[in-house]
Amino acid sequence: MSLAADFGVTLTQHVLGNQGHHPEARGQFSALLTQIGVAGKLISAQVRRAGLIEIWGATGDTNVQGESVQKLDQIANDTFIEVLRRSGCVAVMASEEMDDVVVVEPELAGDYVVAFDPLDGSSNIDASVSIGTIFAIYPRTSPRGEASAADLLRPGREMVGAGYIVYGSSTVLTYSAGETVDSFTLDPASGEFFLTRADIQMPQRTRVLSLNECNGPYWEPWVDAFLADIKGRNDAEKRRVTSRHIGSLVADFHRNLVKGGLFLYPVDKRTGRGKLRLLYECNPLAFLAEVAGGAATDGGRAILDVPVDTLHQRSGLVIGPSEDVQLAERLYRA
Ligand code: AHG
Ligand code: MN
Ligand code: MN
């Protein structure tokens with residue numbers, strides 16, 4: 001048994017140690033990440049109680065994505081917005097759940113802008129399956145007091161930080177400020193996030209394949225060629241690749257980051273567009289993947305280079321070990 005002083009690195013300690021990389025932020029960047037940790041704890045507490053109190057099921061509303069809003073979507077959205085608004089670090093934010101951006105009042109406005117998916121994997125809530133929150137942080141580009149949606153309509157390449165919180169068998173917060181990807185586990189006893197995985201490198205050998213195979217008939221032909229290549233590897237080596245799919249992108253990505261896996265949600269050829277949202281889902285996870293030595297593409301381009309024209313823009317996504325993401329790009333172009 002360890003001594004009382006022998007505890008791990010907390011999220012706050014870690015974030016403060018990273019502060020040197022953003023000297024222009026005068027500490028706001030650190031405060032923002034710390035407050036995102038607070039929002040994560042508050043949402044986690046609600047998720048853990050779902051089923052015990054009346055927060056399973058839908059609100060009856062439909063969101064801007066045309067999807068049914070779950071009660072926990074609403075709770076997570078309101079919590080994230082309120083914590084970030086009060087943080088004093090954010091000028092404007094965009095949420096997957098809201099038609100338009102939330103502009104923070106001048107007295108509280110800060111130097112950053114944030115795009116987030118408050119609750120990813122909504123369809124899994126009522127089955128107590130892993131869900132999560134995803135966030136992307138950019139420096140404010142507009143003059144003080146003039147923040148607007150334009151601050152968020154920019155390529156993912158301009159992000160300065162990103163991360164997610166998975167509410168799974170434990171609550172895990174993963175973030176990167178561009179140097180390393182680090183992961184923290186919420187200790188339910190102390191209510192503190194402790195560092196549990198430092199400088200995560202995505203294994204470069206694809207071991208896991210995760211996608212919704214039922215969409216197969218609606219993919220472009222290159223996707224079939226790509227999947228045939230990956231599955232064919234099992235001819236040479238038994239169980240070289242195996243399939244795992246949760247249906248909560250954030251939890252699928254977390255597993256793939258740790259174990260070496262590819263996640264695909266290709267464009268549907270009937271509509272010519274993907275399902276996943278560039279600002280709230282693809283970009284932040286692409287940022288983390290690249291820092292961890294992986295990659296993400298829409299087929300033709302790195303996700304982080306895709307021009308952003310609208311807040312709720314959707315994209316095809318292949319994300320995982322670099323070599324296989326490059327293979328997807330070659331097959332897409334062929
Ligand atoms: P959200 O719950 O935020 O709307 O996102 C759900 C996303 C993603 O998490 C998941 O991978 C994908 O939608 C699942 O979609 P399908 O049901 O079409 O497979
Ligand atoms: Mn989502
Ligand atoms: Mn969502």
Side-chain angles (χ1 to χ4, degrees), residues 39-40 43-44 46-47 50 55-59 61-81 93-99 114-136 162-168 174 208-219 223 227 243-257 261-271 273-286 288-289 296 298 303 311-320:
I43 298 168
S44 181
Q46 295 297 322
V47 168
I55 50 173
W56 265 348
T59 60
D61 295 335
T62 301
N63 68 12
V64 59
Q65 318 288 340
E67 296 162 352
S68 148
V69 178
Q70 304 299 301
K71 290 180 192 164
L72 267 174
D73 283 324
Q74 191 69 58
I75 290 169
N77 186 60
D78 296 350
T79 304
F80 212 79
I81 288 174
M93 46 194 141
S95 164
E96 185 199 85
E97 290 297 329
M98 302 185 68
D99 302 19
V114 180
F116 62 94
D117 178 354
L119 205 75
D120 178 63
S122 307
S123 69
N124 280 323
I125 294 170
D126 292 3
S128 308
V129 174
S130 297
I131 50 183
T133 300
I134 312 173
F135 58 91
Y164 57 78
I165 304 138
V166 171
Y167 316 107
T174 302
V208 177
L209 181 60
S210 59
L211 73 168
N212 184 346
E213 294 260 11
C214 288
N215 294 329
Y218 316 114
W219 294 328
V223 181
L227 295 179
S243 173
R244 292 285 183 274
H245 184 245
I246 298 166
S248 302
L249 167 68
V250 66
D252 279 306
F253 178 78
H254 180 65
R255 181 206 52 242
N256 291 351
L257 177 68
L262 264 173
F263 177 94
L264 279 80
Y265 207 115
V267 162
D268 185 317
K269 65 185 178 195
R270 294 168 299 181
T271 57
R273 65 170 204 189
K275 173 182 180 183
L276 298 173
R277 277 95 354 172
L278 190 56
L279 256 77
Y280 320 111
E281 298 173 318
C282 303
N283 268 337
L285 299 185
L288 295 168
D298 70 353
I303 287 288
L311 287 178
H312 301 293
Q313 193 167 326
R314 294 172 188 253
S315 174
L317 176 69
V318 178
I319 187 166

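Just so you know, ligand 1 is whichever comes first in the structure, and atom 1 is the first atom listed for that ligand.
The side-chain heavy atoms of Val223 and Val318, taken from C-beta on, include no pair separated by under 4.5 Å. In this structure, the side chains of Glu213 and Ser243 stay at 4.5 Å or more apart for every pair of heavy atoms. With contacts defined as side-chain heavy-atom distances shorter than 4.5 Å, the pair Leu311/Val64 does not qualify. Side-chain contact between Leu262 and Asn256 is absent, with no heavy-atom pair separated by less than 4.5 Å. You'll find the side chain of Lys275 stays beyond 4.5 Å of the side chain of Asp268, heavy atoms only. Residues Thr133 and Tyr167 form a side-chain contact, since some pair of their non-hydrogen atoms from C-beta on lies under 4.5 Å apart.
Distances between N or O atoms of His245 and those of ligand 1 include no value under 3.5 Å. Where the criterion is an N or O separation shorter than 3.5 Å, residue side chain and backbone included, Ser248 fails it with respect to ligand 1. Annotation: Asn215 places no N or O atom under 3.5 Å from an N or O atom of ligand 1; distance criterion only. Residue Phe263 has no N or O atom closer than 3.5 Å to an N or O atom of ligand 1. Taking only nitrogen or oxygen atoms, main chain and side chain alike, Asp120 reaches within less than 3.5 Å of ligand 1.
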Next on the checklist: For Arg314 and Gln65: C-alpha separation, side-chain torsions, deciding distance, then whether side-chain contact (heavy atoms from CB on, under 4.5 Å) applies.
Outcome noted: CA-CA 10 Å; Arg314 294 172 188 253; Gln65 318 288 340; 3.3 Å; yes

Item to check | Stepwise side-chain hydrogen bond (donor to acceptor under 3.5 Å, both in side chains) test for Ser210 and Arg255 | outcome: CA-CA 10 Å; Ser210 59; Arg255 181 206 52 242; 3.3 Å; yes

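For atom 18 (O) of ligand 1, the closest heavy atom belonging to the protein is Tyr265 OH, 2.4 Å. Here the heavy atom of the protein found nearest to atom 17 (O) of ligand 1 is Lys275 NZ, 4.0 Å. Shortest contact from atom 10 (C) of ligand 1 to any protein heavy atom: Gly247 O, 3.3 Å.
Residue Gly121 has at least one heavy-atom neighbour below 4.0 Å for each of these atoms of ligand 1: 1 (P), 2 (O), 3 (O), 5 (O), 9 (O). Numbered from 1 in the order shown, with element, the atoms of ligand 1 that lie under 4.0 Å from a heavy atom of Leu249 read 8 (C), 9 (O), 10 (C), 11 (O). Of all atoms in ligand 1, listed by their number and element, those nearer than 4.0 Å to a heavy atom of Asp117 are 3 (O). Per-residue contacts place Arg277 under 4.0 angstrom from the following atoms of ligand 1 (heavy atoms of the residue considered): 1 (P), 4 (O), 5 (O).
Ligand 1 lies less than 4.0 angstrom from a heavy atom belonging to Leu276. Heavy atoms of Glu281 approach ligand 1 to within less than 4.0 angstrom. Close to ligand 1: Leu119, with a non-hydrogen atom less than 4.0 angstrom away.
With a heavy-atom cut-off of 4.0 Å, Glu213 does not touch ligand 1 at all. Contacts between Glu67 and ligand 1 below 4.0 angstrom, taking non-hydrogen atoms only, involve the side chain exclusively. When heavy-atom distances to ligand 1 are checked against a 4.0 Å cut-off, Asn212 comes that close only through its side chain, counted from C-beta outward. Counting heavy atoms under 4.0 Å from ligand 1, residue Ser122 touches it through both backbone and side chain.
The minimum heavy-atom distance between Trp56 and Lys71, with the atom names listed, is O-NZ, 3.4 Å. Scanning both residues, Leu317 and Ala296, for their nearest heavy atoms gives CD1-CB, 4.3 Å. Residues Val69 and Gln74 share a closest heavy-atom pair of CG1-OE1, 3.9 Å. Scanning all heavy atoms of the two residues, the minimum distance from Ile246 to Ala251 falls at CD1-CB, 3.6 Å. Of all non-hydrogen atoms in Leu249 and Asp120, the two that sit nearest each other are N-OD2, 3.1 Å. When all heavy atoms are compared, the tightest approach of Val267 to Trp219 is O-CD1, 3.8 Å.
Under the side-chain hydrogen bond (donor to acceptor under 3.5 Å, both in side chains) criterion, Ser315 pairs with no residue, sequence neighbours left out.
The aromatic rings of Phe253 and Tyr164 sit perpendicular, their planes meeting at an angle over 60°, well past the 30° parallel limit.
Counting just the N/O/S atoms of Glu281, the one with the shortest distance to the Mn ion (ligand 2) is named OE2.
Protein nitrogen, oxygen and sulfur atoms, that is N, O or S, within less than 2.8 Å of the Mn ion (ligand 3) amount to 3.
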